[in-house]
Structure formats: C-alpha cells, structure tokens
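Here is the structure we will look at, set down as structure tokens.
Bear in mind that the values here come from a model prediction, so they are computed numbers and not experimental data.
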Amino acid sequence: LNPKNWAYHNTLGTASYRAGEWKGAIAALEKSMELRQGGDSSDWFFLAMAHWQLGEQDKAREWYDRAVQWMDKNQPTDEELRRFRAEAEELMKKH
C-alpha cells in the first residue's frame with residue numbers, strides 16, 4: 001500500500017534473511033537504503049550477514065564495518081542494534 005516506505009522494505013529484508021532467502025534480503029535492504037538515501041545499521045548488519053551467507057566475505061566485512069561505525073557514532077546503546085551486531089559477529093566468526 002505504501003511502496004515508498006523504507007521501513008517496510010527493511011522489515012521485508014530482515015524477514016527474507018530469517019527465511020534463508022539471502023538474495024531477496026539483499027534486494028529488499030537495498031531498496032530500503034535507496035528510499036532513505038543511504039540507510040543505517042538496521043540495514044547494514046543484515047546486508048553483511050546475507051552477503052556472508054552467499055560466500056561474499058569481503059562485501060560482508062565492508063557492510064559490517066560500516067554498520068559498526070554508524071552504530072558507535074549514532075546509537076551505541078540501542079539494544080536492537082546491539083543484538084544484530086552480536087548476531088553478525090557470531091556468524092562471521094564461525095567461518
């Protein structure tokens with residue numbers, strides 16, 4: 001009903017990631033970022049994890065580092081972002 005709402009695309013990207021649809025997650029998160037001229041850590045941690053799942057470790061690391069920098073500067077105590085960060089760290093340590 002509102003295709004220009006970035007939050008819907010962010011939620012779709014997160015849900016797609018949780019469902020194991022890595023490419024769909026990336027597409028939805030990229031749309032979220034496009035709609036708000038860049039995005040933030042709520043997009044980037046999931047982009048990092050989706051790229052990691054696809055074997056694209058360099059891209060994953062770039063998105064993860066960008067997410068960490070933004071979070072540390074803008075919302076260091078946000079609990080949701082802290083959970084996403086921990087999840088991404090755990091995933092990227094395993095492999």
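Under a 4.5 Å side-chain heavy-atom criterion applied to ILVMFWY residues, the cluster that includes Tyr8 comprises that residue alone. Annotation for Leu12: hydrophobic cluster partners, listed by chain and number, are none (ILVMFWY side-chain heavy atoms under 4.5 Å, direct or chained).
Among pairs with a residue in residues 45-61, none fulfils salt bridge (charged side-chain N to carboxylate O under 4.0 Å, His left out), at least two apart in sequence or across chains. Pairs passing the salt bridge (charged side-chain N to carboxylate O under 4.0 Å, His left out) check and including a residue from residues 41-54, sequence neighbours excluded, read Arg36-Asp43. Applying the salt bridge (charged side-chain N to carboxylate O under 4.0 Å, His left out) test to every pair with at least one member in residues 7-26, sequence neighbours left out, gives these pairs: Arg18-Glu87.
Checked against ring pair (Phe, Tyr, Trp, His ring centres under 6.0 Å), Trp6 has no partners two or more places apart in sequence or in another chain. Taking the ring pair (Phe, Tyr, Trp, His ring centres under 6.0 Å) definition, one finds that Tyr17 meets it with Trp22, Phe46, sequence neighbours left out. For Gln37, there are no side-chain contact (heavy atoms from CB on, under 4.5 Å) partners at least two apart in sequence or on another chain. Remark: Glu34 engages Lys31 in a side-chain hydrogen bond (donor to acceptor under 3.5 Å, both in side chains) (not counting sequence neighbours).
Contact between Gly24 and Ser16 at its shortest, heavy atoms only, is C-CB, 4.0 Å. Considering every non-hydrogen atom in both Ala48 and Ala60, the closest pair reads O-CB, 3.2 Å.
Counting only heavy atoms from C-beta outward, the side chains of Ile26 and Leu54 approach each other to under 4.5 Å. Counting only heavy atoms from C-beta outward, the side chains of Leu29 and Asn10 approach each other to under 4.5 Å.
The cluster map of Ile, Leu, Val, Met, Phe, Trp and Tyr, joined by side-chain heavy atoms under 4.5 Å apart, puts Met33 and Leu35 in different clusters.
Counting only distance, with no hydrogens or angles, the side chain of His9 and the backbone of Pro3 share a donor-acceptor pair below 3.5 Å.
One finds the OG atom of Ser42 at 10.0 Å from the CG atom of Leu47 (value rounded to the nearest 0.5 Å).
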Validation: residues 62-76 side-chain donor-acceptor distances under 3.5 Å, sequence neighbours left out:
unit_1 : atom_1 : unit_2 : atom_2 : d
Tyr64  : OH     : Glu89  : OE2    : 2.6
Asp72  : OD1    : Arg85  : NH1    : 2.8
Asn74  : ND2    : Trp70  : O      : 2.9

